[in-house]
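Here the structure comes first, spelled out in C-alpha cells, and everything after it is commentary.
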Amino acid sequence: MNDEKKSDIEAKQSVDTDPKAEESSSDQFEELQTAPPKQKLKLSWVGKIAVVIIAIWIVIAFAGPYIAPFHEADMIADDSFLPADKQFWLGSDYLGRDTFSRILWGARTTIGISFISTLAAYFVGITLGIAAAVKGGWTDTILSRVNDAILSLPTIMLGLIIIAALGSSIPILILTAGLIYAASVYRIARALGQDIMVADFVECARARGEGVWWIIFREVLPNCAMPLATDFGLRLVFVVLFISSLSFLGLGVQPPMSDWGSMVRENLQGLGYGSFAAIWPALAIATLTISVNLVVDDISASAGGKLAGKMV
Amino acid sequence: MTEMLLEVKDLKIQAPKENAPPIPIVKGVSFNVKRGQVVALIGESGSGKTTIALSSLAYCKPGLEFSGGEVRLDGQDLLQMSDVQHRDIRGRRVAYLAQSAAATFNPAITIGEQVTESSVLHGILTQEGANKRAERLYRALELPDPDRMGRRYPHQVSGGQLQRLMAAMALCGKPDLMILDEPTTALDVTTQIEVLKAFKKVIREEQSAAIYVTHDLAIVAQIADHIVVLYSGRVQEQGSAEQIITRPAHNYTHRLMEAVRPPPTSVTHEEYTDKDDREKPAIVMDDVTAGYGKIVGDEPQFTILRNIDVQVDKAQVVGVIGESGCGKSTLARVAAGLLGAAKGKVVMEGKTLQPSMLKRSKDDLRKVQFVYQMADTALNPKQLIGDIIGRPLEFYLGLTGKQKRERVAELLDMVELPQEFANRYQMELSGGQKQRVNLARHLAAKPDILLCDEVTSALDSIVGDNVIKLLTRLRKKTGVSIVFITHDLSTVASFSDRIVVLYAGRVVEQGTTDQVLNPPYHPYTRLLITSVPELRIGWLEDTMQTREAAVGIARGVELTAVGCPFFNRCPLGIEDGTCEKETPAYRQPAQGHVIACHQELENVIESEEKPQMILKGYDKVGRESQLY
Amino acid sequence: MKTMVLQRFGIGLITLLVVSVLVFAGTEILPGDVAEIVLGQSATPENLAKLRSELGLDKPAYIRYFEWLGDMITFDLGISKAGGASIGDLIGGRLYNTFFMGGIVAVIAVPLSIFLGLLAAMYPGSWIDRVVTFATLGLISVPEFFIATVCVLVLSVQLHWLPAVAYMSGDESFLQLMRALLLPILTLVIVISAQMIRMTRAGILNVLHSPYIEMAILKGVPRKRIILRHALFNAIGPIVNVIALNLAYLVSGVVIIETIFAYPGLAKLMVDGVQTRDLPLVQACAMIFCGTYVVLILTADIASILSNPRLRQPK
C-alpha cells in the first residue's frame with residue numbers, strides 16, 4: 001500500500017462535512033497522477049550563451065553612444081580601411097571613421113528600428129488575426145485573401161515599392177517593416193486563434209453567454225501567448241535581416257547615421273584591399289540573429305527526437 | 001525448452017531527472033508467463049501496467065529507463081541484450097497490440113503492407129507467404145472482405161475492424177508472446193465483445209501466450225488464466241483468474257471489484273423530493289429534429305436527431321444511452337442551445353426557449369448547464385481553478401470579492417476538493433479532480449438542469465465511480481435535475497430514475513429504470529444489456545450463444561431518414577419491407593414506458609422465450625455476409 | 001478529391017486577382033505620375049493634361065484597372081513609359097536569365113536539402129545532426145549579403161578562383177558562363193538549402209512523435225525504413241510546401257544576390273523600374289512574381305492532396 005502519497009486525499013476528506021462522504025473514505029487508494037507536472041523551461045548551455053549575447057546587445061543598444069570612444073560621424077582616422085590597432089579596435093572604414101564606434105552606435109539604430117517594427121507588426125497582426133479567428137465568416141475570408149496576396153509578394157520587393165514611393169526615413173522604414181511582417185504574424189495568430197476557438201473551454205464560455213471581449217482577452221489570448229512569444233523572436237530576426245537588406249541596397253537608414261546593414265554596403269569595396277570593415281558589422285548582425293534563433297530553438301526543442309532515439 | 005516463456009524478476013523502472021533523484025515508476029515487480037498462457041496485468045492509470053508490459057519488448061517509453069531486475073525470455077535476459085538483438089525480438093518473438101489502433105496504424109501505408117511488414121522484415125515469411133497468412137488471419141478474425149482488406153488504407157475501415165487488424169499484424173509473424181495493451185477500451189460495448197471474442201479465439205488457435213493489460217476486471221475475467229493486480233508500480237496480489245475473481249484477498253482488488261457495477265438490473269432508488277414538485281417537468285424536448293449543415297425546411301443537411309420527445313422532471317436523473325454515433329451528445333447540445341433545433345421546441349418551466357444560445361437570456365443560459373466530457377479541454381489551462389469556478393458566480397449571480405471567494409470555497413467543499421485548489425491550475429490536478437472542478441464550475445451557476453456528457457468515460461473505474469457517488473449526493477443536496485449521457489448501461493442503471501435509449505438519432509425506448517431494464521425490451525436495449533461484460537468467468541461464451549451477439553454486434557450505426565434504423569441489426573426484423581420503409585409506431589406497454597418497434601408487443605415478449613425467432617435473424621446476416 | 005483540387009485553383013485565382021488590385025492600387029498611390037516623370041522640368045499644366053489624356057491617365061482609376069487587367073491577361077504588357085521599349089521584350093530575356101539560374105539552383109539544392117534533412121532527422125542529437133542544425137541555423141540567421149560577401153572574399157578576392165561579377169554578354173562558351181555564374185549559384189544554394197534542410201528535418205521529426213512510429217519500433221522495423229517508409233510518406237505535404245516556398249523565393253526574392261553580382265535578372269529589372277518610377281514595368285514584374293508564387297503554392301497543395309491517401313482514396 002502506498003502510505004506516503006495519501007496526504008492529498010486525506011486532506012480532501014477532512015474538510016468534507018457531508019456524512020455520506022464517509023463512504024468514499026473507505027478507499028485508501030489515491031488516484032494516481034498520470035503525467036508528471038511539466039518541467040520548467042530549461043536552456044542548454046548553448047542557449048545560455050545566446051541569452052548572454054542578446055543581453056549584451058540590448059545593453060549596447062541603450063548605452064552604445066555613451067560608451068563608444070568616438071562619434072559615429074567623426075572622420076577621425078588618418079586613412080580609410082586601416083587595420084585594427086590600439087586606438088581603432090576594429091580599424092577604420094571607407095571614410096576613416098572608427099568601425100568599432102560605429103557598430104556601437106549602429107546597435108541602437110538596427111535593434112531599435114527592428115524591435116519597434118516587430119512590435120508594430122505584432123500589434124496589427126494579432127489584432128486582425130484574432131479578429132478573423134473569432135469573427136470568422138466574411139471578415140475572415142476578406143482579411144485572409146488580402147493577406148495571402150501580400151504574402152505572395154517577396155518582402156524585399158514590397159519594401160522597395162513602398163520606399164520608392166514614400167522615400168526613406170526611419171518612421172517609414174518602421175511602418176514598412178511593420179506592415180509587411182504583420183501579414184505573417186496575422187497568419188500565425190489566426191491559426192492559433194482558430195485552434196483555440198474550437199476548444200471546449202471557449203465553447204463553454206460562449207454557452208455561459210460571455211461576450212467577445214471576454215473570450216478574446218481571457219480565453220484565447222492567454223493560450224496563444226507562449227507560442228506567439230517564441231514567434232516574436234523569429235520575426236525579430238526576419239525584421240533585422242529585412243532592414244539590413246534594405247540598408248544594404250541603400251534604401252534603408254541614410255548616412256551619416258550608422259546602421260549595420262549600410263555599414264556592410266559602404267565598406268564592401270574594402271574587401272579588395274583586405275579590410276574587414278564590411279565583415280565586422282555583418283558579424284554583429286549574425287551574432288544577434290543567431291543568438292535569438294538559438295534561444296527560440298531551445299524553447300521549442302522538438303520532443304520528436306526522443307522517440308527517434310529509440311530507433312535501432 | 002522449458003514451460004516458462006517469460007520471467008520478470010524484481011523489475012524496476014524509473015524516470016530520471018536532471019539535478020534530482022529519479023522517480024521510481026515500477027518498484028520491483030515479478031511475475032511469469034507460461035507458454036500458451038494469458039496473463040492479465042490489471043490496474044488503474046498510473047499503476048505502471050503498460051510500462052511493465054512493454055519491458056517484455058525491452059522497450060521503455062521516452063523519459064523512462066530500466067533501473068534493475070531481469071526480464072527473461074526463454075531464459076535469456078532481454079535487458080542485457082544489444083539494440084540489434086532487441087530489434088530481432090520485437091515483432092518476431094514478442095508482438096505488441098496498442099490501445100488505439102486508429103493512431104497506431106500509419107495513415108499513409110496500406111493495411112496489407114503494415115500487417116505483413118514485420119514478418120517479412122524478420123525473414124519469417126516471404127511477401128507472398130505473409131500475404132496469404134494475413135488473409136487467413138483476416139478470415140479467422142471475422143473481418144469483412146478478407147481478399148481485398150490488404151489493399152485498403154486504415155481510414156477506410158472502422159475502429160473495431162482496425163483493432164482486429166492490429167491483432168492480425170501482431171500474429172502475422174507467429175510470435176511466442178503477444179502484448180495486448182487495453183485493446184478494447186476505446187470501443188463500444190457491442191463492438192468490444194466482438195473484438196474480445198475474436199482475440200480469444202485467435203489466441204487459442206495460434207497457441208500464443210499473451211499479456212493482457214487492462215483496467216477492467218470484467219474483461220479480464222473473460223480472457224485471462226492468471227491475474228496480476230498492480231497499484232503504483234507494485235504487485236498487490238496475483239493468482240489464477242478463478243482465485244482472484246472469486247476469492248480476492250487484497251483490499252485494492254476488492255475496491256476494483258466494487259467499481260465494476262453489477263449487470264444492469266433495476267434498482268429501487270430512494271425518492272428524493274415531495275411528489276408534487278416532481279410532477280412539474282424541468283425541461284421538455286418536444287418533437288425535436290436537429291443536425292448540422294444548412295437547414296432546408298425542417299431538415300438540416302446532415303440530420304442527426306429525428307423527432308425526439310424527452311421530458312426531464314425536477315430533481316430527476318435521466319440517463320441517455322446508446323452507442324457512439326447515436327446522437328447522445330447532440331441531444332444535450334440542443335437542450336443547451338449549443339446547436340439550434342431545426343424543428344420542434346425545447347420548453348423549460350412552460351416557457352419555450354430560443355433554439356440558439358445566442359438569443360437566450362442570461363438567466364435561461366444559467367439554468368441549463370452543459371458539462372463537458374473531457375475536463376482537460378473544458379478547463380482553460382491558463383486560468384486558476386478559483387477563477388474558473390468564480391466566473392459563473394460573478395457572471396450570473398454578481399458575486400465579487402469576499403463573497404465570491406467564500407462561495408468558491410463552498411463549491412470546492414461540495415465536490416470534495418481541498419480549498420487550496422483555488423490557487424492551482426488544472427494541469428496540476430489528476431483526471432478525477434479536474435472533472436470535479438468542472439462540475440463545481442457548472443454548479444456555481446445554480447442550474448436547474450445539469451447536462452453531463454460522458455463525464456465519467458475518460459476516468460478510471462474507481463474514480464468514475466466516485467464521481468457518480470458525488471453526483472448522486474449533489475442531486476440530493478441541490479435538487480438539480482441531471483441528464484446523464486453515457487455509453488455505459490450499468491452506470492446509468494445504478495443511479496438514474498429514467499432511461500432514454502437512443503439509436504441512430506431516434507428514441508427507441510424510454511421509461512423508468514425498472515421499465516427499461518425489464519422485459520419487454522426493444523431489441524436494441526436487449527442487445528445493449530447483453531453486451532455489458534459481467535464479472536464472471538465464462539460470461540463471454542454464454543453471451544456469444546445468444547441471438548443478439550450473433551446478429552447485431554458486428555455492425556455499425558447507420559443514420560437513416562426512413563424506416564427503423566436498427567433494422568439491419570435486428571433479430572426481430574420483419575422481412576416484408578415494413579421495418580425498412582416505415583417509421584415504427586410507439587407502443588406503450590405501461591404508463592410512461594415507450595418502445596418504438598414494428599413488432600407487436602406480444603411478439604417481442606414471445607421472442608424472449610422462444611429462441612427459434614432468432615434463427616431467422618441469424619440467417620439474414622449469414623446471407624449478407626456472403627455478399628461482402 | 002476533384003472538388004478539393006478545383007477549390008485550390010479557385011483560391012489561387014482569387015489570390016492573383018487580389019494581388020492585381022493591390023499592385024494597381026499600390027502603384028496608383030505613388031506620388032506623381034508617368035506624365036510628370038516624362039515631362040520632368042518642362043512640365044506645364046497644359047502639356048501635362050495633354051500627355052495624360054494621350055496616355056489615358058485622366059480616366060477614373062477603376063476603368064484603368066480593368067483595362068490594365070485585360071491587357072495583362074492577353075499578355076499585352078504595354079510599353080515601358082520611361083524607356084519607351086516594349087515591356088514584353090524587356091522582360092523576356094531577364095525572365096529567362098532568372099529562370100535559368102533558378103533552375104540550376106533548384107536542381108542542386110532540392111535533392112541536397114532533402115538528403116541532409118533526412119540524415120539529420122534520422123540521428124537526432126548525433127554529431128551529424130548537431131553540425132547540420134547549427135550550420136543551417138547560422139546560415140538562415142545571417143543576411144544573404146553576408147554570405148555573398150564571404151563567398152566573394154574567399155573565392156574571388158583571396159583565392160582568385162572565380163570572377164566577382166556575373167556578367168553575361170551572350171556569346172560566352174558554356175564553360176565560361178558556368179564559371180561566371182558559379183558564385184551567385186553557390187550563394188543561392190547555400191541560402192535556400194539552409195532553410196529547406198531545417199524544414200525537412202522539422203517535418204520528419206514532427207511525424208516522429210506519432211504512435212505509429214512507436215509501433216514500427218516495437219515491430220522491429222529498422223531505423224532507415226522507419227524514416228524512409230513510415231515517416232517520410234507522412235511528411236511529404238509539409239516538405240513539398242517548403243520546397244515550393246523556397247523556389248518561389250528563388251525566382252523573385254533574389255534582389256540582393258542579383259544586385260551584388262550584377263546579374264541581369266528580373267528582380268534587378270524591377271528594382272530599376274522602381275527607381276525610375278516605371279509603373280507599367282513594375283506592375284508587370286510584380287504580377288509575374290505573384291503568378292509564379294501562386295502556381296508553385298498550388299502545385300504544392302495539389303501534391304500534398306495527392307500524397308494523402310485520406311484525400312486520394314476516400315471511404
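Quick note on labels: first sequence line is chain A, next is B, and so on, each numbered from 1.
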Quick check for you: among B:Gly91, B:Pro107, B:Ser118, which has the greatest number of heavy-atom pairs under 4.5 Å with chain C?
B:Pro107

For B:Glu113, enumerate each residue passing the side chain to side chain contact (heavy atoms under 4.5 Å, CB included) test, keeping only those at least two apart in sequence or located in another chain.
B:Ile109, B:Thr110, C:Arg225, C:Arg229

Can you tell me which residue among B:Arg92, B:Arg87, B:Arg90, B:Glu117 is in a side-chain contact (heavy atoms from CB on, under 4.5 Å) with C:Lys219?
B:Glu117

Atom CD of residue position B:Gln76 - does it have more than 12 heavy atoms of other residues, nucleotides or ligands inside 6.0 Å?
no

Does any non-hydrogen side-chain atom of C:Met215 lie less than 4.5 Å from one of B:Gln114?
no

Determine whether more than 12 heavy atoms belonging to other residues, nucleotides or ligands lie under 6.0 Å from atom CZ of C:Phe9.
no

Quick one: closest heavy-atom pair of C:Ile217 and B:Tyr59, and the distance?
CG2-CE1, 4.0 Å

Partner chain B: residue of C:Ile236, C:Asn308, C:Leu218 with the largest heavy-atom pair count (under 4.5 Å)
C:Leu218

Closest approach of B:Ala108 and C:Pro309, non-hydrogen atoms and distance?
CA-CG, 3.6 Å

Which atoms of B:Leu54 approach chain C - backbone, side chain, both or neither, heavy atom under 4.5 Å
side chain

Which atoms of B:Tyr96 come close to chain C, meaning under 4.5 Å heavy atom to heavy atom: side chain ones, backbone ones, both, or neither?
both

Any sub-3.5 Å donor-acceptor pair from B:Asn106's side-chain atoms to C:His230's backbone N or O?
yes

Heavy-atom pair of closest approach, residues C:Pro222 and B:Leu121:
CD-CD1, 3.8 Å

In terms of heavy-atom proximity below 4.5 Å to chain C, should B:Ala103 be classed as side chain, backbone, both, or neither?
both

